[in-house]
Student: 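Here you go, one structure.
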Amino acid sequence: MIARPVVMQNEKDGDGNGPGRSTSVITRTKPKTKKPNLYRVLLLNDDYTPMEFVIHILERFFQKDREAATRIMLHVHNHGVGECGIYTYEVAETKVSQVMDFARQHQHPLQCVMEKK
């Protein structure tokens, strides 16, 4: 935060010395906003989750079109990990929970994690 001093002059009264002036400094702080940290949401490859299910996850939870979802799924399949998106902490955490819950409901061992960018 940046502090800028503001000088104000006040009249003295009631001190028995007659009118006079005193100087006081009031500091105003200007809040400086900081951009939130971003997190990558990643899918991890396994040997059991069907490719079509991974595509469905990408379309449903990450709003990817069929082509982008297929490209990400193949990247996960070939490289072991793939990025689904970049979000603020709360959004990334929610996406990871949604994917993990959905995968468990459908009895797939798919893993979804987040890491700081």
Side-chain angles (χ1 to χ4, degrees):
M1 293 220 231
I2 302 170
R4 291 189 199 162
V6 177
V7 178
M8 298 183 66
Q9 292 184 347
N10 298 322
E11 287 190 23
K12 288 184 185 177
D13 52 274
D15 64 357
N17 294 329
R21 298 207 178 261
S22 69
T23 303
S24 60
V25 177
I26 299 172
T27 303
R28 289 187 193 155
T29 56
K30 183 177 180 181
K32 187 175 181 180
T33 56
K34 181 183 168 191
K35 291 186 179 180
N37 292 323
L38 296 176
Y39 292 80
R40 299 171 62 204
V41 176
L42 308 170
L43 285 179
L44 307 179
N45 190 41
D46 64 72
D47 294 331
Y48 304 101
T49 305
M51 291 179 177
E52 195 59 40
F53 184 78
V54 175
I55 291 171
H56 180 68
I57 290 279
L58 291 163
E59 291 172 334
R60 179 173 178 163
F61 296 106
F62 299 97
Q63 291 71 48
K64 303 295 181 188
D65 60 33
R66 189 74 168 179
E67 185 180 328
T70 301
R71 190 172 50 251
I72 294 168
M73 177 276 298
L74 288 172
H75 190 274
V76 171
H77 180 71
N78 294 322
H79 297 94
V81 64
E83 182 178 279
C84 305
I86 300 172
Y87 307 96
T88 59
Y89 180 83
E90 292 80 8
V91 174
E93 187 177 45
T94 300
K95 299 267 186 199
V96 168
S97 293
Q98 289 174 331
V99 169
M100 295 293 288
D101 291 346
F102 191 74
R104 297 301 159 263
Q105 288 170 4
H106 291 83
Q107 300 177 346
H108 294 299
L110 183 65
Q111 293 292 305
C112 185
V113 296
M114 60 189 256
E115 71 176 25
K116 194 170 185 178
K117 185 168 169 48

Student: Does some side-chain heavy atom of V81 sit less than 4.5 Å from a side-chain heavy atom of N45?
Tutor: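 The answer is no; the side chains never approach within 4.5 Å.
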
Student: Ion pair present between R71 and E83, side-chain N to carboxylate O less than 4.0 angstrom?
Tutor: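 The answer is no: the pair does not qualify as a salt bridge.
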
Student: Just wondering, do I57 and T49 contact through their side chains at under 4.5 Å, heavy atoms?
Tutor: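 Result no, sub-4.5 Å side-chain heavy-atom pair not found.
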
Student: With heavy-atom distances below 4.5 Å as the criterion, would you say the side chains of V41 and F62 are in contact?
Tutor: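 Yes, side chains in contact.
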
Student: Between P109 and Y48, which heavy-atom pair has the shortest distance, and what is it?
Tutor: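 Closest approach of P109 to Y48: CG-CB, 3.8 Å.
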
Student: Where is the tightest heavy-atom contact between H75 and G82, given as atom of each residue plus distance?
Tutor: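 Shortest heavy-atom separation between H75 and G82 comes out as ND1-CA, 3.9 Å.
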
Student: Can you tell if the side chain of Q111 reaches within under 4.5 Å of the side chain of D46, non-hydrogen atoms only?
Tutor: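 In short, these two side chains do not touch, never coming nearer than 4.5 Å.
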
Student: Is it the case that atom NE2 in H108 sees more than 12 heavy atoms from other parts of the structure closer than 6.0 Å?
Tutor: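 Count over threshold, so yes.
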
Student: Out of curiosity, K64 NZ to H56 NE2, how far, rounded to the nearest 0.5 Å?
Tutor: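 These two atoms lie 16.0 Å from each other.
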
Student: Give a yes or no on whether M100 and Y89 share a hydrophobic cluster (residues Ile, Leu, Val, Met, Phe, Trp, Tyr; joining criterion: side-chain heavy atoms under 4.5 Å apart).
Tutor: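 Per the 4.5 Å side-chain linkage, M100 and Y89 are co-clustered.
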
Student: Can you hop from V91 to L38 via hydrophobic side chains spaced under 4.5 Å?
Tutor: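 Unlinked, V91 and L38 end up in two clusters.
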
Student: In a check of side chain to side chain contact (heavy atoms under 4.5 Å, CB included) between L43 and each of V96, L58, V113, which one passes?
Tutor: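 It is L58, the one option of V96, L58, V113 that forms the side chain to side chain contact (heavy atoms under 4.5 Å, CB included) with L43.
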
Student: Do other residues, nucleotides or ligands put more than 12 heavy atoms under 6.0 Å from Q105 CD?
Tutor: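 Atom CD in Q105 is crowded, with more than 12 foreign heavy atoms closer than 6.0 Å.
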
Student: Got a donor-acceptor contact below 3.5 angstrom from the Q107 side chain to the R104 backbone?
Tutor: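 Side chain of Q107 to backbone of R104, a donor-acceptor pair under 3.5 Å: no, none is there.
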
Student: For F53 together with F102, are the ring centres under 6.0 Å from each other?
Tutor: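 Yes.
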
Student: Is the CD atom of E67 crowded by more than 12 outside heavy atoms at less than 6.0 Å?
Tutor: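 No, the 6.0 Å shell around CD holds no more than 12 heavy atoms from other groups.
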
Student: Grouping I, L, V, M, F, W and Y whenever their side-chain heavy atoms are under 4.5 Å apart, do I72 and L42 come out in a common cluster?
Tutor: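 No, I72 does not connect to L42 through the hydrophobic network.
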
Student: Of K95, R40, E93, which is the lone residue that meets side chain to side chain contact (heavy atoms under 4.5 Å, CB included) with M114?
Tutor: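 It is E93, the one option of K95, R40, E93 that forms the side chain to side chain contact (heavy atoms under 4.5 Å, CB included) with M114.
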
